[in-house]
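Report on the following structure.
Within every chain, numbering begins at 1; the chains are lettered A, B, ... in the order of the sequence lines, protein sequences first and strands thereafter. As the structure is a computational prediction, the values presented were derived from the model and not from experiment.
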2 protein chains.
Amino acid sequence: MSETDATINLVAVVITIRDRTPHVLTVPGPDGRPALPSGPLQSGHRTLQSGLRAWVERQTRQKLGYVEQLYTFGDRHVRLENTAPDMAHRTISIAYLALVSGSDEVNSAESSWRSWYEFFPWEDHRGGRPKSCDRLFEALLDWTTDGSAAGDPNAKERARLTFGVGGAEWDEEMTLERYEMLYEAEKVVEASLDRDLAPWRAQEDLPGLPMHADHRRVLATAISRLRAKIKYRPLLFELMPPSFTLFQLQQTAEAISGIALHKQNFRRLVAQQRLVEETGEALSLTGGRPAKLVRFRKEVMLERPAPGVRVRATRRGGLT
Amino acid sequence: MSETDATINLVAVVITIRDRTPHVLTVPGPDGRPALPSGPLQSGHRTLQSGLRAWVERQTRQKLGYVEQLYTFGDRHVRLENTAPDMAHRTISIAYLALVSGSDEVNSAESSWRSWYEFFPWEDHRGGRPKSCDRLFEALLDWTTDGSAAGDPNAKERARLTFGVGGAEWDEEMTLERYEMLYEAEKVVEASLDRDLAPWRAQEDLPGLPMHADHRRVLATAISRLRAKIKYRPLLFELMPPSFTLFQLQQTAEAISGIALHKQNFRRLVAQQRLVEETGEALSLTGGRPAKLVRFRKEVMLERPAPGVRVRATRRGGLT
DNA sequence: ATCTCAATGCTCAGATCGAGCAAAAGGAGG
DNA sequence: CCTCCTTTTGCTCGATCTGAGCATTGAGAT
């Protein structure tokens with residue numbers, strides 16, 4: 001029972017928008033599963049953030065723009081049971097969220113951008129609630145009666161609330177809670193892996209690609225944070241090119257939130273918050289009336305304490 | 001430039017309510033300034049949280065209830081400039097926020113509860129904007145013209161926004177931003193200490209007690225988080241006894257937020273959110289009509305996705 | 001019985017929000 | 001040049017929420 005030093009592992013969730021879909025930067029993990037860029041803190045790193053930037057650039061050649069700290073994970077999930085506790089070497093992972101807009105460039109063999117909905121198909125409700133979401137919820141209900149949660153009388157209620165079933169509304173911000181509940185119920189591949197130490201069985205018909213170690217949990221943390229934060233901070237603009245149309249902005253908001261938005265209300269929102277200003281140019285790509293190009297009004301940061309896009313899902317699937 | 005291990009320091013911001021004022025648990029720091037309970041992660045600690053709980057209990061005999069992670073601080077602020085960078089030993093501090101309700105018990109010579117407004121007098125706006133707030137803002141304005149921020153044309157605007165002066169509204173959640181701006185402007189004692197390595201000069205007529213190392217920044221982080229989070233999570237009840245009156249709940253909300261609330265609207269809020277239920281008893285202490293006792297309705301956690309007390313300041317000082 | 005004080009109940013106007021109708025402005029096809 | 005199609009943009013309406021203040025209730029004190 002003595003003081004021990006630990007290795008600091010810096011982990012990056014780097015997000016960009018491609019094809020109206022959020023993508024996360026991944027590298028090949030040691031076991032074949034995709035991993036997040038990461039590396040240990042080194043003595044040459046001036047700060048935690050600069051260490052993170054160095055690792056991401058080295059592993060993916062991607063330069064980072066906006067960066068914020070997400071969460072620090074202990075090594076609770078690393079199983080070293082046959083090691084004497086005093087001998088166990090500790091690793092602490094500090095996870096960061098980064099946003100980049102000009103991602104279209106490189107995509108080496110080493111690293112690749114992947115839609116975050118590959119890992120969380122049940123989180124994409126833009127075209128209505130996906131089937132995988134209902135299937136997962138059903139599996140979860142079985143677990144609340146037969147599984148390890150059979151003793152908990154509230155388990156069923158909690159599942160309904162987190163998945164927005166039966167009266168409860170879908171809350172897009174609860175990505176992390178949903179993942180953790182699925183993990184507990186062993187409805188994600190990583191859970192059985194961590195328990196059994198068994199080799200990765202890709203089948204299981206469980207939806208969503210697994211990731212290396214606890215990286216899918218880290219990604220879920222990032223999604224939750226991002227979905228919550230765009231509502232009161234102008235983070236969306238970190239993902240946009242210098243000038244864009246309001247509809248492109250809306251599509252970015254929808255991509256991140258995973259829900260469909262009401263077009264007219266969306267523009268009313270950004271208009272009355274004065275988040276953008278017109279560039280004077282217009283863009284006619286879509287075969288309809290040309291859209292005015294706008295850019296982010298940086299001055300809002302000096303005017304409103306909490307500028308953001310307070311998205312709310314449309315009742316109907318956002319068809320109009 | 002090689003991988004280096006680091007010492008993990010666990011820091012606790014433990015909050016309770018006493019005398020309608022938030023108090024933070026402190027221990028004497030090495031330099032006489034109050035410090036937050038803290039200690040290094042040890043090999044016997046199963047998780048980060050359990051390590052934290054162990055240290056707080058050992059140093060203050062206070063058992064912790066609700067605990068959540070706040071932020072992880074690098075050692076950027078530790079000055080080791082005459083040390084070769086490769087030799088510098090790193091310390092990473094992981095800060096936690098903890099809430100306790102039954103604090104009235106122990107208060108050894110070692111540790112003591114202190115009002116958090118001793119450290120942040122300018123943050124208490126319950127009785128109107130305090131003079132120290134205006135004084136600080138004036139000092140900040142000087143800095144934006146004469147000081148190191150003279151080059152930044154937005155510095156004045158940012159100061160106005162963060163301190164709620166001139167059109168801008170006071171945003172009680174911006175405690176951390178305010179502290180960081182004051183630190184940058186060297187309007188808090190710690191800033192000059194960190195720069196000059198000079199002994200602590202208690203005078204300076206700068207408002208607010210300094211704390212050990214960067215602990216006042218950590219406390220500011222906790223206040224910001226808490227003030228934001230009570231609006232969408234039922235954290236207030238972690239600070240309340242099992243049964244209480246609505247007015248006591250309001251006073252707790254006011255103590256945390258540092259703003260006065262409109263009484264009737266406050267009860268409408270908690271009523272229509274169904275956050276509490278009546279116990280059947282009543283309490284007549286105040287010389288007026290006896291107040292009904294209520295308790296937290298734990299079931300709300302299973303009904304609403306984000307139950308909380310969305311406080312907003314009254315225009316007038318909350319006199320009625 | 002009356003007074004005082006705090007708890008509780010209620011109303012009202014303004015702001016915000018979800019939803020949908022309708023006009024405007026280009027391109028494509030005749 | 002006119003018409004149709006498509007998407008942008010403007011606007012309205014009702015429901016809900018919010019800030020603020022007035023009024024009533026219920027207990028102890030005078």
Side-chain angles (χ1 to χ4, degrees), chain A residues 20 169-170 172 231-232 243-251 253-254 257 259-294 304 306-320, chain B residues 20 169-170 172 231-232 243-251 253-254 257 259-294 304 306-320:
Chain A
R20 295 177 226 86
E169 260 186 46
W170 174 259
E172 83 280 357
K231 290 174 185 167
Y232 58 94
S243 76
F244 47 88
T245 71
L246 284 179
F247 190 50
Q248 287 168 343
L249 183 65
Q250 174 178 349
Q251 286 178 320
E254 291 178 326
S257 307
I259 53 181
L261 305 177
H262 186 279
K263 192 186 244 179
Q264 295 92 322
N265 291 347
F266 180 83
R267 27 175 68 237
R268 173 172 67 187
L269 200 68
V270 319
Q272 74 189 15
Q273 293 224 42
R274 308 220 304 142
L275 285 169
V276 299
E277 61 194 357
E278 298 181 6
T279 66
E281 295 162 296
L283 189 68
S284 59
L285 279 180
T286 45
R289 174 173 172 174
K292 288 178 186 156
L293 281 172
V294 298
R304 328 184 111 258
V309 180
R310 295 190 294 279
V311 298
R312 285 289 299 274
T314 25
R315 305 272 186 248
R316 342 187 306 104
L319 308 178
T320 179
Chain B
R20 296 177 226 85
E169 260 187 46
W170 173 260
E172 83 279 359
K231 292 175 184 166
Y232 58 94
S243 77
F244 48 88
T245 71
L246 284 179
F247 190 52
Q248 288 167 342
L249 184 65
Q250 176 179 348
Q251 286 177 319
E254 291 178 327
S257 307
I259 53 180
L261 304 177
H262 186 281
K263 193 186 245 181
Q264 296 92 320
N265 292 346
F266 180 84
R267 25 177 69 240
R268 174 173 64 186
L269 200 68
V270 319
Q272 72 191 13
Q273 293 224 44
R274 308 219 307 141
L275 284 169
V276 300
E277 62 193 356
E278 298 181 5
T279 68
E281 294 162 297
L283 188 67
S284 58
L285 280 181
T286 45
R289 172 173 173 176
K292 288 177 187 158
L293 281 172
V294 298
R304 324 184 114 261
V309 179
R310 295 190 295 278
V311 298
R312 287 288 298 272
T314 25
R315 306 274 185 243
R316 341 185 308 101
L319 306 177
T320 179

Check the distance between D/dT8's P and A/His262's NE2 and give it to me in whole angstrom.
-> 14 Å
Contact state string [nucleotides 23-30 of chain D, B base, S sugar-phosphate only, - no protein heavy atom under 4.0 Å] = --BBS---
Excluding sequence neighbours, so at least two apart, what forms side-chain hydrogen bond (donor to acceptor under 3.5 Å, both in side chains) with A/Arg268?
-> A/Asn265
The side-chain hydrogen bond (donor to acceptor under 3.5 Å, both in side chains) partners of A/Gln251 (sequence neighbours excluded) come to none
Sequence neighbours excluded, which residues qualify as side chain to side chain contact (heavy atoms under 4.5 Å, CB included) partners of A/Ala253?
-> A/Leu236, A/Leu261, A/Phe266, A/Val311
Rounded to the Å, how far apart are A/Gln250 CD and D/dT9 C1'?
-> 13 Å
Determine, step by step, whether A/Thr245 and A/Val294 satisfy the side chain to side chain contact (heavy atoms under 4.5 Å, CB included) criterion, reporting the C-alpha distance in whole Å, the side-chain angles of both residues, the deciding distance to 0.1 Å, and the verdict.
-> CA-CA 6 Å; A/Thr245 71; A/Val294 298; over 6 Å; no
Counterpart residues, side chain to side chain contact (heavy atoms under 4.5 Å, CB included), relative to A/Arg304 (two or more places apart) = A/Gln273, A/Pro307
Would you say B/Arg312 reaches D/dT18's phosphate, i.e. side-chain N/O to OP1/OP2 under 4.0 Å?
-> no
Whole-Å gap separating C1' (C/dG14) and CG (B/Asn265) = 14 Å
Scan nucleotides 28-30 of chain C against the protein and return all N/O pairs shorter than 3.5 Å with their distances rounded to 0.1 Å.
none

Measure from CD on A/Glu281 to P on C/dG26 and round the result to the nearest Å.
-> 15 Å
Applied to residues 278-291 of chain A, the salt bridge (charged side-chain N to carboxylate O under 4.0 Å, His left out) test, sequence neighbours excluded, yields A/Glu278-A/Lys292
Return no unless some side-chain N or O of B/Lys263 is found under 4.0 Å from OP1 or OP2 of C/dA7.
-> yes
Rounded to the nearest 0.5 angstrom, the CG-CD distance for A/Leu269 and A/Gln250 is 10.5 Å
All side-chain hydrogen bond (donor to acceptor under 3.5 Å, both in side chains) counterparts of A/Gln248, not counting sequence neighbours | none
Within residues 267-277 of chain B: residues closer than 4.0 Å to DNA chain C (heavy atoms) = B/Arg267, B/Arg268
What is the minimum heavy-atom distance between A/Leu275 and A/Gly308, and which atoms define it?
-> CD1-O, 3.8 Å
Which residues satisfy the side-chain hydrogen bond (donor to acceptor under 3.5 Å, both in side chains) test with B/Lys231, sequence neighbours excluded?
-> B/Glu172, B/Glu173
Can you tell me how far C1' of D/dT8 sits from CG of A/Leu293, to the nearest Å?
-> 13 Å
Atom CD of A/Glu278 and atom C1' of D/dG10 are separated, to the nearest Å, by 13 Å
Length of the line joining B/Leu261:CG and C/dA7:P, which is rounded to integer Å | 14 Å
Grab the CZ-P distance between B/Phe244 and C/dA7 for me, whole Å please.
-> 14 Å
Listed partners of B/Ala306 passing side chain to side chain contact (heavy atoms under 4.5 Å, CB included), at least two apart | B/Tyr232, B/Arg233
